[in-house]
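Every value quoted in this text rests on a predicted model; they were computed, and no experiment measured them.
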Amino acid sequence: MIDEFAKNNLHGRLRRDREALLWKLDGLSEYDARRPLTATGTNLLGLVKHLACVEARYLGEVFDRPSPEALCRWQDSDGSDLWATEDETSDQIIALYRRTWEHSDATINELPLDAPGHVPWWPEPYPNTNLFAVMTHVLGETDRHAGHADILRESLDGRTGVRPEHETQIDEKARAAHHARLERVARSAEPIAT
């Protein structure tokens, strides 16, 4: 009984957070979806592509259920799972992510939480694991990157929130005043030079 509750809870949160990540692409141009917004090149569409690969590997290969999708090479030195090529559109990557969900969801639905899995890229003694540990890991990865997406989207156009129904109209004046206040507080914490 507790296993089904835990599984349903983790799965429900994963579904919610997948949608939250995709919402961060809502209304963006191809350029804004893929443009590098950090010194390391992190971008919104790349986060989606990366998580498609993460789910396909962890909720597919780890349980001997390979993805039917052609996947980028895992952790290539060029980080190809973290950015969209010139030939990949936002629609294609979003569709890949959604198809990956279907494959991942089938794994989750068909296996018990204690189903054994093997993660060859995890160091000893951790490679032999189970569905519960992998679901927890994938949820953590999804949440981590959804948080990155929150910050990236806010830096593009100021939009924030987890879901469209929780988004409020941006009050630029109030936001600027809040930012200025925090800047003053931060500067006041600096020790006075002698």
message: Once you measure the plane-to-plane angle for W122 and Y58, does it fall in the parallel (<30°), tilted (30-60°) or perpendicular (>60°) bin?
response: tilted

Parallel, tilted or perpendicular: rings of W101 and Y97 (30°, 60°): perpendicular

field: Partner of D81 under side-chain hydrogen bond (donor to acceptor under 3.5 Å, both in side chains), chosen from H50, K49, R57
entry: H50

So, for [X] and [Y], which heavy atoms are closest and what is the spacing to 0.1 Å?
{"X": "P68", "Y": "H103", "result": "CD-ND1, 3.7 Å"}
{"X": "L21", "Y": "H145", "result": "CD1-O, 4.1 Å"}
{"X": "R153", "Y": "L25", "result": "NH1-C, 3.8 Å"}
{"X": "K24", "Y": "L44", "result": "O-CD1, 3.9 Å"}
{"X": "A84", "Y": "I93", "result": "CB-CD1, 3.5 Å"}
{"X": "A33", "Y": "N43", "result": "O-OD1, 3.8 Å"}

Would you compute the distance between atom [atom1] of [X] and atom [atom2] of [Y] and round it to the nearest 0.5 angstrom?
{"X": "D143", "Y": "D17", "atom1": "CG", "atom2": "CG", "value": "4.0 Å"}
{"X": "L152", "Y": "T38", "atom1": "CG", "atom2": "OG1", "value": "7.0 Å"}
{"X": "T142", "Y": "L51", "atom1": "OG1", "atom2": "CG", "value": "5.0 Å"}
{"X": "S67", "Y": "L59", "atom1": "OG", "atom2": "CG", "value": "11.0 Å"}
{"X": "T107", "Y": "L131", "atom1": "OG1", "atom2": "CG", "value": "8.0 Å"}

- prompt: Is a side-chain N or O of R13 found less than 3.5 angstrom from the main chain of N8, in a donor-acceptor match?
  reply: no

message: Using a 3.5 Å distance criterion without hydrogens, assess whether the side chain of E102 forms a donor-acceptor pair with backbone atoms of R99.
response: no

query: Passes salt bridge (charged side-chain N to carboxylate O under 4.0 Å, His left out), R65 versus E61? Steps please.
result: CA-CA 5 Å; R65 299 169 56 90; E61 292 174 10; over 6 Å; no

message: Strictly below 4.0 Å, N to O, side chains only: are R34 and E88 in salt-bridge contact?
response: no

message: So that I know where these two stand, are Y126 and W121 an aromatic pair - ring centroids less than 6.0 Å apart?
response: no

- request: State which residue, out of E19, E55, E69, fulfils the salt bridge (Lys or Arg N to Asp or Glu O under 4.0 Å) condition with R98.
  value: E19

